[in-house]
Asks: 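Before I ask anything, let me first share the structure, which is written out below as structure tokens.
Chain letters run A, B, ... following the sequence lines, proteins first, then strands; residues in each count from 1. Side chains included, hydrogens not; waters and symmetry mates left out as well; all remaining heavy atoms used.
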Number of protein chains: 2
Amino acid sequence: MTRTRSHPKPLETESSLDTRARLIDAAGEEFAEHGFAKATVRDICARAGANIAAVNYHFRDKETLYLETLRHAHRYSITHYPHDGGLHADAPASDRLRAFVRAFLAKMLDAKRPRWHGRLISREMTEPTPAFSLLLEEGVRPQFGALCAIVRELAPSIKDVQIEAGAASVIGQALHYHHCNLMMKRLYAERKDGFPFDLEFLTDHITEFSLSAFEGLERKVRMNDARQSHRRQNKQRVRESKGRNR
Amino acid sequence: MTRTRSHPKPLETESSLDTRARLIDAAGEEFAEHGFAKATVRDICARAGANIAAVNYHFRDKETLYLETLRHAHRYSITHYPHDGGLHADAPASDRLRAFVRAFLAKMLDAKRPRWHGRLISREMTEPTPAFSLLLEEGVRPQFGALCAIVRELAPSIKDVQIEAGAASVIGQALHYHHCNLMMKRLYAERKDGFPFDLEFLTDHITEFSLSAFEGLERKVRMNDARQSHRRQNKQRVRESKGRNR
DNA sequence: ATCGCAGTCAAACATCCGTTTGAATCGGAC
DNA sequence: GTCCGATTCAAACGGATGTTTGACTGCGAT
């Protein structure tokens with residue numbers, strides 16, 4: 001028997017679901033804290049109050065446990081933090097941007113119970129595993145698309161590449177406080193006022209910063225277009241006046 | 001003898017420097033590609049064409065090798081990519097911002113020889129090791145300070161917290177294309193035009209985006225101040241202008 | 001020639017870790 | 001009670017990996 005047990009996905013009795021759930025929870029914390037490679041099955045089981053063999057029994061192996069944990073985190077994420085932030089699609093684009101930014105930040109910085117969800121997902125970005133595709137197609141791509149739609153409304157005159165780069169700028173700002181959390185906290189460690197960036201402040205800042213940027217870009221493009229069409233009109237006028245004089 | 005060798009830092013003879021350097025080079029590639037935990041001493045030595053014991057001989061252990069490698073990458077980084085990008089301090093702030101952004105992006109995206117420097121340093125941010133402090137004090141803090149100075153010139157009326165948040169926004173945008181490189185590339189994988197973001201495009205985009213943002217923020221603050229000072233023209237104008245900054 | 005020493009090498013050691021095993025335990029069905 | 005499947009458990013297996021050892025090599029100084 002090469003597989004240790006039959007693994008017809010064990011029936012979800014009361015107690016089995018219990019340790020299974022506890023395992024996923026413990027695994028989430030360990031994986032988030034140490035990464036896939038350094039997190040040990042022993043530590044996970046210890047934290048879950050389960051035997052070492054539990055991982056092999058309920059999941060097939062460490063990797064499947066990781067994948068299942070990530071799936072769990074992802075499902076939680078998309079149900080608890082919808083892109084629109086609970087805002088109607090016909091709300092003003094600037095409001096929808098703010099809602100998007102807040103939802104995005106909250107997803108990562110939220111102090112709510114399973115605080116490891118964000119860390120797990122961001123780890124996946126820098127060192128992808130087989131679960132990467134799932135995350136990309138069901139998480140990132142639709143979210144990025146929604147943001148692009150908002151940006152297009154905010155700055156309708158700019159090119160598509162610029163819209164996508166702008167969306168990336170918004171996301172980049174938000175992710176920064178996630179990736180470099182430790183760095184920022186240490187950077188502000190000796191300040192007496194501490195780390196001044198909470199969810200509300202960051203939502204405001206990133207939204208205002210980005211709105212200003214999009215307004216500016218839009219205006220520049222419009223001015224440029226106006227100049228060019230002005231030039232064209234001049235040429236045409238010259239031509240017309242030439243024709244009239246003839 | 002608990003330590004395997006005396007380790008009075010071996011004299012830098014011709015050949016010793018040779019394998020030592022080759023080890024650091026190989027270690028850089030391996031660490032950057034697989035991370036500290038998954039990179040193996042055997043692979044590093046194989047890549048360097050050295051014996052397994054070489055790591056223990058030239059450095060004390062794997063961790064010291066990593067630390068030394070990171071130091072090397074950091075030194076290279078600060079000598080080859082100065083913050084100012086080779087620009088005079090009295091150049092216009094907008095030009096200095098562009099130079100900063102280009103230097104920052106180049107440091108990470110550069111296709112030049114040791115392409116692993118950036119990856120190594122960014123790894124350090126998400127999972128710090130003892131080398132973290134060095135990186136923070138000699139790399140991040142001065143760089144962040146320089147950027148804040150530029151931002152202050154671009155938007156002299158905004159508060160200090162906003163200046164710092166704005167600087168973080170610039171850095172966040174630039175780092176985004178580094179952290180989420182894989183994600184972005186996969187996101188654009190099926191496009192016929194491929195990944196449209198090269199160094200020049202990104203430098204332009206991030207600079208323009210941020211300049212627009214700072215212009216907008218500055219104008220908003222000025223307008224706000226003007227309104228308020230107009231309203232309170234007769235009372236306390238002096239105290240208000242004192243309290244505006246800081 | 002010979003001694004000392006830095007450097008290299010193959011082999012082994014010790015430990016950690018994912019996984020497996022086979023027995024023990026528990027709970028419900030008959 | 002007895003049987004059976006699901007679950008848990010302690011123990012061990014097997015492989016990978018960081019580290020150590022002790023011999024060997026080449027070279028410069030004495």
Asks: Inspect the contact between Glu164(B) and Arg191(A) and indicate whether a charged nitrogen and a carboxylate oxygen are less than 4.0 angstrom apart.
Replies: yes

Asks: Rounded to whole angstrom units, what separation is found between the CG atom of Asp61(B) and the P atom of dT20(D)?
Replies: 8 Å

Asks: With the threshold set at 4.0 Å, does a side-chain nitrogen-carboxylate oxygen contact exist between Lys62(B) and Glu68(B)?
Replies: no

Asks: Specify the residue among Arg42(A) and Gly49(A) whose closest nucleotide of DNA chain D lies further upstream toward the 5′ end.
Replies: Gly49(A)

Asks: In whole angstrom, give the distance that lies between atom OH of Tyr57(B) and atom C1' of dT25(D).
Replies: 13 Å

Asks: What's the CG-C1' distance between Asn56(A) and dT21(C), to the nearest Å?
Replies: 10 Å

Asks: Whole Å only: how far is the CG atom of Leu23(A) from the P atom of dT8(D)?
Replies: 9 Å

Asks: Whole angstrom is fine here: how far is it from CZ in Phe36(B) over to C1' in dG18(D)?
Replies: 10 Å

Asks: Ion pair present between Arg42(B) and Glu30(B), side-chain N to carboxylate O less than 4.0 angstrom?
Replies: no

Asks: Which nucleotide wins on minimum distance to the side chain of Asn51(B), given the candidates dG18(D), dT8(D), dA10(C)?
Replies: dA10(C)

Asks: Whole-Å distance between dC17(C) P and Lys38(B) NZ?
Replies: 15 Å

Asks: Starting at atom CD of Glu30(A), determine the distance to atom C1' of dC17(C), rounded to an integer number of angstrom.
Replies: 14 Å

Asks: For Ala53(A) and Ala39(A), take the nucleotide of DNA chain C holding the closest heavy atom to each; which residue's nucleotide lies nearer the 5' end?
Replies: Ala39(A)

Asks: Please determine whether a side-chain nitrogen of the Lys or Arg among Glu208(B) and Arg98(B) lies less than 4.0 Å from a carboxylate oxygen of the Asp or Glu.
Replies: yes

Asks: Once you round it to whole Å, what is the distance between P of dT17(D) and CG of Asp43(B)?
Replies: 7 Å

